[in-house]
Protein chains: 2
Amino acid sequence: MPPRYTEDPTPAEWKILSLVWDEGPLAARDVLSSLEGETDWSTSTVKTLLRRLVDKGHLRTRKVGNSFLYSASKSPLRSLRRAGEDLLGRASGATVAPLLAHLVKNSGLDSAELENLRALIDRLAKEAEA
Amino acid sequence: MPPRYTEDPTPAEWKILSLVWDEGPLAARDVLSSLEGETDWSTSTVKTLLRRLVDKGHLRTRKVGNSFLYSASKSPLRSLRRAGEDLLGRASGATVAPLLAHLVKNSGLDSAELENLRALIDRLAKEAEA
DNA sequence: AGAGGTCGTCTACCTTTGTAGACAGTCGTC
DNA sequence: GACGACTGTCTACAAAGGTAGACGACCTCT
């Protein structure tokens, strides 16, 4: 495979990336301490992953003192949608529906979110009839 | 990272795997011809990927003449759900709902499937109230 | 039986990913 | 202004993933 232009995060990178998404701009040391207990990555490992995420364009840095603050450089939703589309692309016609059902079931949406989703489905259903 | 026990398919492997899911038991040569136009993988490449999928336990083989028929060895839905859970795990609380909305919108479900999904949501909403 | 085609296996090689040590710059503090 | 604590960069290396050639086993037609 010649060079890949998608630059999607790898599993290890996803871990760091979603952490940064969740906890706003973080310094390397914050990422490290947030990971404590979850992984046993060394300082170096985390710094490498952060650097690679910057190289791939997922994170940006802002210099503060002698260190960096890392923050998302693309909208999280955009990256997630991309990954989601890959997933859907792997499901065949017959598995798409049960897959979505499973995801909805396990997503822990609250009442309001469920309500919105139902509204969306109603809209789609109306279109599908036409 | 010590040996990984998940043995999830890689992107290239997914391509082959979902092809086999879709088109039932296939011989290597069928996979090859189905991929024509989509990728320009050589015979060897495809055979390597098939073998790796077998090694990882995603495909099983049945000998027929001097060749193999490859078919799924786990339920496709199961593998997809696993991948779906990874995806959800990467989304933070706030992004889960919009992500699901996007997926539903792009999933091309037909009326009946939408109906089922709505029924599921109604059930979940009822539980959420309690 | 021999030739030609097909098949899977072996082996290989480069890139990416996972993981981390060594080290030099910098910042605060005594 | 020197010391210690941190920080990011460089370098490294093994494992996984992507890609494919070489080759011997096997079938099939003549």
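Throughout, a chain's letter reflects where its sequence line sits, starting with A, and its residues are numbered from 1.
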Are any of the side-chain heavy atoms of Pro9(A) and Trp14(A) separated by less than 4.5 Å?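 Side-chain contact under 4.5 Å: yes.
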Below the 4.0 Å mark, does dA20(D) have OP1 or OP2 next to a side-chain nitrogen or oxygen of Thr45(B)? yes
side-chain N/O Thr10(A) vs dG18(C) OP1/OP2, d < 4.0 Å: yes
Which whole-number value in Å describes the distance from [X] [atom1] to [N] [atom2]?
X	N	atom1	atom2	answer
Arg52(A)	dG8(D)	CZ	P	16 Å
Leu49(B)	dG17(D)	CG	P	11 Å
Lys15(A)	dT17(C)	NZ	P	18 Å
Asp55(A)	dT15(C)	CG	C1'	15 Å
Leu26(A)	dT7(D)	CG	C1'	16 Å
Leu53(A)	dG8(D)	CG	P	14 Å
Ile16(A)	dA20(C)	CD1	P	12 Å
Leu50(A)	dT7(D)	CG	P	12 Å

Nearest non-hydrogen partners of Val104(A) and Leu117(A), listed with the distance: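 Closest heavy-atom pair between Val104(A) and Leu117(A): CG2-CD2, 4.1 Å.
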What's the shortest heavy-atom distance between Leu88(B) and Asn106(A), and which atoms? CD1-O, 4.0 Å
Looking at Arg60(A), I'd like to know if its CZ atom is crowded, meaning that more than 12 non-hydrogen atoms belonging to other residues, nucleotides or ligands lie closer than 6.0 Å.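 Count not over threshold, so no.
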Is there a donor in the side chain of Ser42(A) and an acceptor in the side chain of Thr45(A), or the other way round, less than 3.5 Å apart? yes
Any side-chain donor-acceptor pair under 3.5 Å between Glu7(B) and His58(B)? no
Sugar-phosphate atoms are those with a prime plus P, OP1 and OP2; base atoms are the rest. Using that split, label each nucleotide of nucleotides 3-9 of chain C B, S or - for protein heavy atoms under 4.0 Å, 5' to 3'. ---BSBB
